[in-house]
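This chain uses plain numbering: 1 for the first residue, then up along the sequence.
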Amino acid sequence: MKLIEKTLKSNIIYEGKVITVNCDDVILPNDNIAKREIVHHRGGVAVLAIEDGHAYMIRQFRYAYRKELLEIPAGKLEKGEEPYSAALRELEEEVGLKASKLISLGQIYPTVGYCDEIIYLYLALDFTKSQASLDEDEFLNAFKMKLEDLYQMISDNKISDAKTIISLLKYKGGDYDDKKANK
């Protein structure tokens with residue numbers, strides 16, 4: 001059986017600044033008709049910046065969850081913006097770090113059941129201090145934490161943000177020049 005759903009009709013039910021929501025009629029692989037509610041999002045980037053066994057982290061209030069979360073620097077793609085450029089921009093805006101090069105850690109689909117957002121993950125190992133410049137509606141605290149403490153926090157379920165967990169674990173399992181130098 002082919003696992004494909006074909007769109008019969010697509011209806012925009014909400015169009016906002018960050019997302020668009022559709023309610024589509026689809027034909028299922030068994031020829032039945034169903035509805036699919038989809039949140040369309042331009043996507044985002046996240047940057048794991050590592051220095052001397054520490055990662056630059058941010059603590060930010062996330063309204064959807066009504067609490068502060070611990071995360072790596074991240075942000076949404078602007079219209080027409082390339083992920084690599086967005087990652088450089090977000091790292092400098094949020095943490096005040098200007099990276100000379102980013103290494104791709106891949107991409108993730110954070111909510112596959114109803115959202116088409118893609119988050120592009122990057123690693124920054126070489127950067128210089130710059131000036132943070134947050135958006136006028138953005139409030140966060142940036143700081144460094146030991147990698148070993150972050151890995152323990154993941155094990156203890158004290159970090160819930162998917163992009164942060166995935167980036168840290170990809171880094172831990174990867175083979176990067178700075179890790180060889182720090183052994």
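Judged by distance alone, the side chain of Lys144 and the main-chain N or O of His54 form no donor-acceptor pair under 3.5 Å. Distance alone, capped at 3.5 Å, places no donor-acceptor pair between the Glu90 side chain and the Val45 backbone.
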Derivation of the side chain to side chain contact (heavy atoms under 4.5 Å, CB included) call for Phe127 and Lys101: CA-CA 8 Å; Phe127 41 81; Lys101 177 184 166 192; over 6 Å; no

Trace of the side chain to side chain contact (heavy atoms under 4.5 Å, CB included) decision for Tyr122 with Leu48: CA-CA 6 Å; Tyr122 291 95; Leu48 177 61; over 6 Å; no

Verdict with supporting geometry, Asp156 and Ile154, side chain to side chain contact (heavy atoms under 4.5 Å, CB included): CA-CA 5 Å; Asp156 294 342; Ile154 291 170; over 6 Å; no

Mind running side chain to side chain contact (heavy atoms under 4.5 Å, CB included) on His41 and Ile19 for me, showing each step along the way? CA-CA 5 Å; His41 187 285; Ile19 62 167; 3.9 Å; yes

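The structure places CG of Leu69 at 7.0 Å from CZ of Arg62, a figure rounded to the nearest 0.5 Å. Here CZ of Arg36 is found 15.0 Å from OH of Tyr114. Values are rounded to the nearest 0.5 Å. To the nearest 0.5 Å, the span separating NZ on Lys170 from CD1 on Ile108 amounts to 8.5 Å. For the atom pair Asp135 CG and Leu140 CG, the distance stands at 9.5 Å (nearest 0.5 Å). Rounding to the nearest 0.5 Å places CG of Asp52 at 10.5 Å from CG of Leu147. Of the inter-residue distances, the one linking Leu91 atom CG with Leu102 atom CG reads 7.0 Å to the nearest 0.5 angstrom.
With sequence neighbours excluded, no residue forms a ring-ring contact (aromatic ring centres under 6.0 Å, His included) with Tyr109. Considering only residues two or more places apart in sequence or on other chains, Gln107 meets the side chain to side chain donor-acceptor pair (under 3.5 Å) condition with none of them. For the salt bridge (Lys or Arg N to Asp or Glu O under 4.0 Å) test, no residue two or more places apart in sequence or in another chain qualifies with Asp149. With sequence neighbours left out, Arg42 forms a salt bridge (Lys or Arg N to Asp or Glu O under 4.0 Å) with no residue at all. Remark: Leu8 pairs with Asp25, Ile27, Ile33 by the side-chain contact (heavy atoms from CB on, under 4.5 Å) rule, at least two apart or across chains. By the ring-ring contact (aromatic ring centres under 6.0 Å, His included) test, Tyr120 is found to be paired with no residue, residues two or more places apart in sequence or in another chain being considered.
Nearest heavy-atom pair across Glu94 and Ile58 is OE1-CD1, 3.4 Å. Residues Pro29 and Glu5 share a closest heavy-atom pair of CD-CG, 4.2 Å. Between Leu77 and Pro83, the closest heavy-atom pair is CD2-CA, 3.7 Å. Nearest approach of Glu117 to Gly43, heavy atoms of both residues: CG-CA, 3.9 Å. Thr164 and Leu70 make their closest contact through OG1-O, 4.2 Å (heavy atoms, listed as atom of the first residue, atom of the second, distance). Summarising the geometry of Ala55 relative to Ile50, their closest heavy-atom pair is CB-CD1, 3.9 Å, with the distance given to 0.1 Å.
Under the 4.5 Å side-chain heavy-atom criterion for ILVMFWY residues, a single connected hydrophobic cluster contains both Val39 and Val18. Both Ile118 and Val112 are assigned to one and the same hydrophobic cluster, defined by single-linkage of ILVMFWY side chains at heavy-atom distances under 4.5 Å. Transitive grouping of hydrophobic side chains (ILVMFWY, heavy atoms separated by less than 4.5 Å) brings Met57 and Leu123 into a common cluster. Hydrophobic clustering, with ILVMFWY side chains joined whenever heavy atoms are under 4.5 angstrom apart, keeps Tyr63 apart from Phe139.
A donor-acceptor pair shorter than 3.5 Å cannot be found between the side chains of Asp24 and Thr7. Between Glu92 and Ser130, the side chains place a donor N or O and an acceptor N or O closer than 3.5 Å (distance only, hydrogens not considered).
Between Leu168 and Tyr151, some side-chain heavy-atom pair lies under the 4.5 Å cut-off. A 4.5 Å side-chain heavy-atom check between Glu81 and Arg89 finds at least one atom pair inside the cut-off. Inter-residue side-chain proximity for Ile166 and Leu121 is flagged as met; some heavy-atom pair is nearer than 4.5 Å. Considering only heavy atoms from C-beta on, Ile165 comes within 4.5 Å of Leu169 through its side chain. Lys35 has its side chain out of reach of Asn11: every pair of non-hydrogen atoms, C-beta onward, lies at least 4.5 Å apart. Under the 4.5 Å side-chain criterion, counting only non-hydrogen atoms from C-beta, Ile72 is not in contact with Val47. At a threshold of 4.5 Å between non-hydrogen side-chain atoms, the residues Met145 and Tyr56 do not count as touching. In this structure, the side chains of Ser104 and Tyr84 stay at 4.5 Å or more apart for every pair of heavy atoms.
A salt bridge links Glu71 to Lys163: at least one charged side-chain nitrogen sits closer than 4.0 Å to a carboxylate oxygen.
Within a 6.0 Å sphere centred on CD of Glu138, heavy atoms belonging to other residues, nucleotides or ligands number more than 12. Within 6.0 Å of the NZ atom in Lys129, the count of heavy atoms belonging to other residues, nucleotides or ligands exceeds 12.
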